Q: 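One structure coming up, written as structure tokens, with questions to follow.
What you are looking at is a predicted structure, and each value in this text was computed from that prediction instead of being measured.
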Amino acid sequence: MSLRAGIVGLPNVGKSTLFNAVVENGKAQAANFPFCTIEPNVGIVAVPDPRLNVLSELSKSQRAVPASIEFVDIAGLVKGASQGEGLGNKFLSHIREVDSILQVVRCFEDNDIIHVNGKVDPKSDIDVINLELVFSDLDQVEKRLDKLKKGKARDPQSKMKEEAEKSALVKIEQALMDGKPARSVSLTDLEKDAVRHLCLLTMKPVIYVANVAESDLAEPGSNSHVKEVMNLASELQSGLITVSAQVEAELTELPPEERIEYLTSLGVNESGLGNLIRATYSLLGMRTYFTSGEKETKAWTIRSGMTAPQAAGVIHSDFERGFIRAETVAYDDFVAAGSFSAAREKGLVGELPCLLLDQVGEYPGL
């Protein structure tokens with residue numbers, strides 16, 4: 001279950017610089033003019049987790065396989081993007097199937113970097129992007145409703161699904177017309193399932209990425225622009241992290257052993273990538289569990305609340321269908337014992353028939 005996050009924002013806010021930095025081998029063009037990015041840039045990043053190497057060493061594994069997250073960087077959006085301004089409607093189609101949206105917001109002043117609207121104004125920038133996402137979804141919802149009105153379901157089950165979809169779309173359409181995102185609408189489980197295939201942009205959870213100057217990284221709260229984004233994120237019930245795309249770019253130029261030292265000199269102890277992944281996991285309710293043996297140690301991403309059979313199905317669908325039980329041990333207990341057999345001897349290994357995986361390898365951070 002590899003996560004996918006779409007990166008959006010106005011032109012020249014630092015999207016492509018951030019993408020190139022977190023992906024490290026990213027090839028997104030970053031230039032001081034709008035629409036230097038045309039085609040989407042896609043990069044897969046390993047989720048840094050120190051537990052993986054510890055488990056691999058204890059199990060004497062031949063290889064360690066981390067969980068991954070995929071970032072999709074699209075071109076900067078402008079007012080009118082949903083109607084094709086700046087080819088925005090084409091760009092938006094590239095992120096319809098991501099799990100979450102990272103909206104990069106410029107929170108730094110720099111006369112040498114052009115702002116598409118002439119001044120740094122986070123609220124205005126956020127309003128422009130959110131409104132374009134709303135307009136794009138509204139267009140899709142209206143087209144789908146028209147199609148449903150023309151069609152007629154033949155069997156009772158199809159008719160029930162069709163009615164659920166119509167009901168959901170009517171509610172969502174009204175919210176969108178009021179400028180509100182689809183995720184703000186209260187839907188039944190059946191209605192949610194019925195509209196999932198539309199991949200509505202405003203149904204996706206959002207994390208606002210406040211891009212600051214290096215000097216503001218240690219104390220972002222002192223930046224008035226960041227404060228504004230904090231307030232907006234709270235009002236919109238969305239996530240928020242602060243990064244410096246420029247610092248992230250500089251980190252990629254340093255050897256791994258010098259990166260921590262550089263971050264420490266700036267007054268921070270974690271990279272922007274770490275912040276992004278932590279926020280994404282938290283927002284989506286994701287967790288990690290591990291399988292570890294001589295062949296490999298691997299991290300698997302699951303949704304919080306999954307049962308043991310469902311978690312096994314992430315490895316292979318056959319495992320879910322034929323699931324009987326799973327033997328598990330908490331990470332700390334495994335490390336303390338030194339091996340699975342030693343943990344079993346100490347009575348630290350438990351069996352999960354169909355229980356929730358709330359105790360297994362929760363992703364604590366980086």
Q: Would you call Lys15 and Asp73 a salt bridge, using N to O less than 4.0 angstrom?
A: yes
Q: So, does Ser265 use its side chain to make a donor-acceptor pair with the main chain of Tyr262 at under 3.5 Å?
A: yes
Q: Is it true that Ile95 and Val134 fall in one hydrophobic cluster, defined by side-chain heavy atoms closer than 4.5 Å?
A: no
Q: Quick check: is Leu201 connected to Val195 through a chain of hydrophobic side chains (ILVMFWY, heavy atoms under 4.5 Å apart)?
A: no
Q: Heavy atoms, side chains only, cut-off 4.5 Å: are Leu176 and Lys180 in contact?
A: no
Q: Looking at Asp125 and Lys119, does any basic side-chain N land under 4.0 Å from a carboxylate oxygen?
A: no
Q: Is there a donor-acceptor pair under 3.5 Å between the side chain of Ser184 and the backbone N or O of Pro181?
A: yes
Q: Given Arg144 and Leu148, is the side chain to side chain contact (heavy atoms under 4.5 Å, CB included) satisfied, shown in steps?
A: CA-CA 6 Å; Arg144 181 59 182 167; Leu148 287 173; 3.7 Å; yes
Q: Should the heavy atoms of other residues, nucleotides or ligands under 6.0 Å from CD of Glu142 be counted, would the total exceed 12?
A: yes
Q: Measuring from Phe334:CZ to Ser292:OG, what's the distance to the nearest 0.5 Å?
A: 5.0 Å
Q: Check this for me: does any side-chain nitrogen of one of Lys143 and Asp146 sit under 4.0 Å from a carboxylate oxygen of the other?
A: no
Q: Same cluster for Met203 and Ile7 if Ile/Leu/Val/Met/Phe/Trp/Tyr side chains link at under 4.5 Å?
A: no
Q: Charged N to carboxylate O under 4.0 angstrom, Arg51 versus Asp49?
A: yes
Q: May I have the step-by-step check of salt bridge (Lys or Arg N to Asp or Glu O under 4.0 Å) for Arg96 and Asp137, ending in yes or no?
A: CA-CA 10 Å; Arg96 287 222 169 261; Asp137 278 354; 3.2 Å; yes
Q: Backbone N or O of Gln157 within a donor-acceptor pair of the Asp155 side chain at under 3.5 Å?
A: yes
Q: Cys107 and Val212: which non-hydrogen atoms are nearest, and at how many Å?
A: CB-CG1, 4.1 Å
Q: Donor-acceptor pair, distance only, cut-off 3.5 Å: does the side chain of Gln140 make one with the backbone of Leu198?
A: yes
Q: Just checking, any donor-acceptor pair under 3.5 angstrom between side chains of Ser244 and Glu214?
A: no
Q: Drop me the distance from Met230's CE to Tyr208's OH, to the nearest 0.5 angstrom.
A: 15.0 Å
Q: Between Asn53 and Ser56, is the side-chain hydrogen bond (donor to acceptor under 3.5 Å, both in side chains) condition met? List the steps.
A: CA-CA 5 Å; Asn53 290 332; Ser56 181; 5.7 Å; no
Q: Identify the heavy atoms of Ala46 and Pro66 that sit nearest to each other, and give their distance.
A: CB-CG, 3.6 Å
Q: Would you say Val226 and Leu18 are hydrophobically clustered, going by side-chain heavy atoms of ILVMFWY under 4.5 Å?
A: yes
Q: Would you compute the distance between atom OH of Tyr281 and atom CZ of Arg303 and round it to the nearest 0.5 angstrom?
A: 11.0 Å
Q: Passes side chain to side chain contact (heavy atoms under 4.5 Å, CB included), Lys204 versus Ser100? Steps please.
A: CA-CA 5 Å; Lys204 304 178 190 300; Ser100 64; 5.7 Å; no
Q: To the nearest 0.5 Å, what is the distance between CG on Leu273 and CZ on Arg278?
A: 11.0 Å
Q: For Glu258, I'd like to know if atom CD has over 12 heavy atoms of other residues, nucleotides or ligands within 6.0 Å.
A: yes
Q: Quick check for you: to the nearest 0.5 Å, what is the distance between Met286 atom CE and Ile69 atom CD1?
A: 9.5 Å
Q: Say whether, by atom type as modelled, one donor and one acceptor occur between the side chain of Ser61 and the main chain of Glu294 under 3.5 angstrom.
A: no
Q: Check whether any side-chain heavy atom of Ser271 sits under 4.5 Å from a side-chain heavy atom of Leu263, and report yes or no.
A: yes
Q: Does a side-chain heavy-atom distance below 4.5 Å link Tyr331 with Val54?
A: yes
Q: So do the side chains of Leu200 and Leu133 get within less than 4.5 Å of each other, counting heavy atoms only?
A: no
Q: Are Glu228 and Lys123 within salt-bridge range, i.e. N to O under 4.0 Å?
A: no
Q: Does CD in Glu296 sit with more than 12 non-hydrogen atoms of other residues, nucleotides or ligands closer than 6.0 Å?
A: yes
Q: With a 4.5 Å cut-off on side-chain heavy atoms, are Leu3 and Glu70 touching?
A: no
Q: Is there a donor-acceptor contact under 3.5 Å from the side chain of Ser59 to the main chain of Leu55?
A: yes
Q: Go through the steps to decide whether Lys171 and Leu187 satisfy the test side chain to side chain contact (heavy atoms under 4.5 Å, CB included), and finish with yes or no.
A: CA-CA 8 Å; Lys171 295 177 186 177; Leu187 301 175; 3.9 Å; yes
Q: How close do Asp216 and Ser222 get, heavy atom to heavy atom, and via which atoms?
A: OD1-OG, 4.4 Å
Q: Evaluate the side chain to side chain contact (heavy atoms under 4.5 Å, CB included) criterion for residues Ile315 and Thr291: first the C-alpha distance (whole Å), next the side-chain angles of each, then the deciding distance (0.1 Å), finally the verdict.
A: CA-CA 10 Å; Ile315 299 176; Thr291 52; 4.0 Å; yes
Q: Should the pair Arg106 and Phe108 be classed as cation-pi, given the thresholds of under 6.0 Å to the six-membered ring centre and 45° from the axis?
A: yes
Q: I need the minimum non-hydrogen distance between Leu240 and Ala233, along with the two atoms involved.
A: CB-CB, 4.1 Å
Q: Please check if the side chain of Asn269 supplies one atom and the backbone of Thr264 the other of a donor-acceptor pair under 3.5 Å.
A: no
Q: Could you tell me if the side chain of Asn211 sits less than 4.5 Å from the side chain of Thr242, heavy atoms only?
A: no
Q: What's the separation between atom CD in Glu57 and atom CG in Leu52, rounded to the nearest 0.5 Å?
A: 10.0 Å
Q: Gln103 and side chain to side chain contact (heavy atoms under 4.5 Å, CB included): which single residue from Ile207, Val229, Ile126 fits?
A: Ile126
Q: Between Gln310 and Thr307, is there a donor-acceptor pair closer than 3.5 Å when you use the side chain of the first and the backbone of the second?
A: yes
Q: Can you tell me if NZ on Lys166 sees more than 12 non-hydrogen neighbours from other groups inside 6.0 Å?
A: yes
Q: How close do Thr280 and Leu276 get, counting heavy atoms only, and between which atoms?
A: OG1-O, 2.8 Å
Q: Do Leu283 and Val104 belong to the same hydrophobic cluster, where Ile, Leu, Val, Met, Phe, Trp and Tyr are linked whenever their side-chain heavy atoms lie under 4.5 Å apart, directly or via other members?
A: yes
Q: Can you check whether Asn41 reaches Val72 side chain to side chain, under 4.5 Å on heavy atoms?
A: no
Q: Are more than 12 heavy atoms, taken from residues, nucleotides or ligands other than Leu190, located less than 6.0 Å from that residue's CG atom?
A: yes
Q: Should we count CD of Glu261 as having more than 12 external heavy atoms under 6.0 Å?
A: no
Q: Where is the tightest heavy-atom contact between Gly9 and Ile129, given as atom of each residue plus distance?
A: C-CD1, 3.7 Å
Q: Would you mind reporting whether Arg63 and Lys295 have side-chain heavy atoms less than 4.5 Å apart?
A: no
